[in-house]
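Remember, it's a predicted structure, so these values are computed and weren't measured experimentally. Sequential numbering from 1 along the given sequence is applied to the chain's residues.
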Amino acid sequence: MRRILWFRRDLRVEDNPLLSFEGEVFPIFIFDKNILGKLPKNDKRVSIIFHFVQQLKAKLKALGLDLKIYYADPVDIFNSLNLNDFDVVVASGDYDEYAKERDRAVSQLLHFRYLNDTYIFKPKEVLKKDATPYLVFTPFYKNALKILEKKDMTPFETAKQSLYAYDYSDAVTLESLGFDEHDISFLKDPYTLLEEFKAGLSQYQEKRDFLNIQVGSDLSVALRFGLISIREVYRQTCNLEGGEAFVRQLIFRDFYAYLLFYFPSLALENYKGSFNGVKDEEKFERFCSATTGVPIVDAGVRELLETGKMHNRVRMIVASFFTKDLLLPWQWGEKFFATHLLDYDAASNILSWQWSASTGIDPQPYFRVFNPYLQSKKFDKEAEYIKKW
């Protein structure tokens, strides 16, 4: 059987189900014009993706394979290929609405086989007894843990594969993509990050909200682009002291992707409530320029603008201030984060903003308000984070 292996959010060779099939393969990666066309030319994430795509190509070559890199509309690429030469295209599932529409279009041209790699569970794997999706995390989590007990989480073996004869030379550069080149040397190897995280995992539950203590995994960028397998992260943390609290967060990540899969309208619309914020451009500009005058909020925004990252506790404080104090539309905040976060994941970002705005699946409008001053006092007592940013 001859397969097209479509790499997307799985830029690695280790524990990759794409490489677990024997036979002749045609590995490809597509820089999607429909996505890149909406990004500013200085978007640092494109440099990150480009770097790791080149690294993936080198690793595949070491296995006797290669990677054909395109810059186009994915449907156009498949239309340009002689699809009679192939039996199937194999790719890991991606669950936002654009991805689903894109994949449906490709599946009409060639048989499409989805693999589950980006998340722990398939979207239809954790359902209620009546086969409907959960709307509350706790029962989802409890059922997910039961399924995990029986779920095969062993790493995928790399099978013996031969390379489809094709021209694998690439003319795709950052310049041809139309993006600036950025120094990404600040990104650590994900396996190094995992080892460092495991060393302090016992403190994760107790200290992860404190802004002057680094006990988080810092793996969000690596997981976003599939530089390390979610299964690998789970396997190495689940049985360690403090691992239960971290696994809960991994499953929460799954839950948000699951909700967006079943309720795609969440990407733009409230699940509950009719209030859509007050469209005040002046307040929005002050927020985006980190000049609100609220120290913890401005510090968080400055960290985001400078590094593409923001501490998880600060994200909640900032989003609460944006939606509950400034009363701005959560969609504006979601788009702002989407523009700047290096670890941007549509499901996690959208559902987190709806959670903060109290318009999502689990709305709690009256008491889900983060007082930025009390939060600073509790989690940044000496104002170290505020002083830094």
Side-chain angles (χ1 to χ4, degrees), residues 12 44-45 47-48 51-52 182-230 232-254 256 290 294-321 337 340-345 348-349 352 355-356 370 372-389:
R12 66 182 189 281
K44 191 179 293 185
R45 291 168 296 190
S47 282
I48 294 173
H51 170 81
F52 286 108
H182 292 273
D183 177 13
I184 62 164
S185 59
F186 63 90
L187 288 175
K188 283 188 177 182
D189 172 77
Y191 295 92
T192 301
L193 286 173
L194 182 56
E195 288 303 314
E196 292 174 353
F197 175 56
K198 285 161 55 181
L201 184 56
S202 61
Q203 303 180 72
Y204 176 77
Q205 173 69 3
E206 181 183 352
K207 297 184 177 179
R208 65 192 179 96
D209 286 320
F210 290 91
L211 308 188
N212 65 330
I213 304 172
Q214 174 53 39
V215 296
S217 73
D218 208 20
L219 283 166
S220 58
V221 173
L223 288 173
R224 168 64 182 85
F225 298 116
L227 309 179
I228 190 171
S229 155
I230 186 72
E232 181 74 22
V233 175
Y234 171 78
R235 284 192 301 267
Q236 292 207 33
T237 57
C238 64
N239 293 318
L240 298 179
E241 183 184 353
E244 182 180 350
F246 181 64
V247 168
R248 182 181 175 89
Q249 295 306 308
L250 294 181
I251 295 176
F252 218 123
R253 177 177 177 268
D254 261 69
Y256 276 173
V294 180
I296 192 71
V297 173
D298 290 344
V301 172
R302 286 174 188 160
E303 180 190 17
L304 176 63
L305 293 175
E306 185 170 326
T307 70
K309 298 180 181 182
M310 189 188 292
H311 190 286
N312 186 62
R313 170 58 57 169
V314 182
R315 294 188 197 199
M316 292 191 287
I317 298 168
V318 165
S320 173
F321 181 78
F337 269 31
H340 296 286
L341 282 172
L342 295 182
D343 65 358
Y344 174 70
D345 177 274
S348 294
N349 199 47
S352 294
W355 183 89
S356 294
F370 287 67
Y373 297 100
L374 294 180
Q375 291 285 310
S376 298
K377 185 177 180 180
K378 184 174 183 179
F379 297 113
D380 189 29
K381 189 174 182 180
E382 302 301 323
E384 292 180 38
Y385 178 84
I386 289 173
K387 290 172 186 175
K388 180 177 181 179
W389 297 109

Do any N or O atoms from the side chain of [X] and from the backbone of [Y] form a donor-acceptor pair under 3.5 angstrom?
X	Y	answer
Arg224	Leu342	no
Arg45	Leu341	yes
Ser356	Ser352	yes

Spatial distance of atom [atom1] ([X]) from atom [atom2] ([Y]) [nearest 0.5 Å]:
X	Y	atom1	atom2	value
Met310	Leu304	CE	CG	4.5 Å
His51	Ile48	NE2	CD1	9.5 Å
Gln249	Asp254	CD	CG	12.0 Å
Arg313	Lys378	CZ	NZ	7.0 Å
His311	Met316	NE2	CE	9.0 Å
Leu227	Glu232	CG	CD	13.5 Å

Considering all heavy atoms of both residues, which atom of [X] and which atom of [Y] are nearest to each other, and what is their separation?
X	Y	value
Gln375	Ile317	CB-CD1, 3.5 Å
Asp380	Ile386	OD2-N, 3.1 Å
Arg208	Gln205	NE-OE1, 4.0 Å
Ser47	His182	OG-N, 3.0 Å
Leu201	Thr237	CD2-O, 3.9 Å
Pro190	Leu219	O-CD2, 3.5 Å

TODO: Test Asn212 against Glu382 for side chain to side chain contact (heavy atoms under 4.5 Å, CB included), laying out the working first.
DONE: CA-CA 9 Å; Asn212 65 330; Glu382 302 301 323; over 6 Å; no

Hey, is [atom1] on [X] packed in by over 12 heavy atoms from elsewhere, all under 6.0 Å?
X	atom1	result
Glu206	CD	no
Glu241	CD	no
Glu244	CD	no

Task: Test side chain to side chain contact (heavy atoms under 4.5 Å, CB included) applied to Phe186 and Ile184, step by step - done: CA-CA 5 Å; Phe186 63 90; Ile184 62 164; 4.3 Å; yes

TODO: List for me each residue that meets ring-ring contact (aromatic ring centres under 6.0 Å, His included) alongside Phe252, sequence neighbours excluded, and say none if there are none.
DONE: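 Phe252 satisfies ring-ring contact (aromatic ring centres under 6.0 Å, His included) with Phe137, Tyr256 only.
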
- [ ] Evaluate side chain to side chain contact (heavy atoms under 4.5 Å, CB included) for Leu211 paired with Trp389, printing each intermediate quantity in order.
- [x] CA-CA 12 Å; Leu211 308 188; Trp389 297 109; over 6 Å; no

Ion pair check, [X] and [Y], cut-off under 4.0 Å:
X	Y	value
Asp343	Arg315	yes
Glu384	Lys387	no
Asp218	Lys309	yes

Open item on the list: Before you tell me yes or no, could you show the steps for Asn349 and Asp345 under side chain to side chain contact (heavy atoms under 4.5 Å, CB included), namely the whole-Å CA-CA distance, both residues' side-chain angles and the distance that decides it to 0.1 Å?
Closed with: CA-CA 6 Å; Asn349 199 47; Asp345 177 274; over 6 Å; no

With a 4.5 Å limit on heavy-atom distance, are the side chains of [X] and [Y] in contact?
X	Y	value
Phe337	Val318	yes
Phe370	Ile296	no
Phe246	Cys238	no

TODO: Measure centre to centre between the rings of Phe197 and Tyr204, then say whether the value is under 6.0 Å.
DONE: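 They qualify: ring centres under 6.0 Å apart.
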
- [ ] Give the C-alpha distance, both sets of side-chain angles, the deciding distance and a yes or no for side-chain hydrogen bond (donor to acceptor under 3.5 Å, both in side chains) between Tyr385 and Glu303.
- [x] CA-CA 10 Å; Tyr385 178 84; Glu303 180 190 17; 2.4 Å; yes

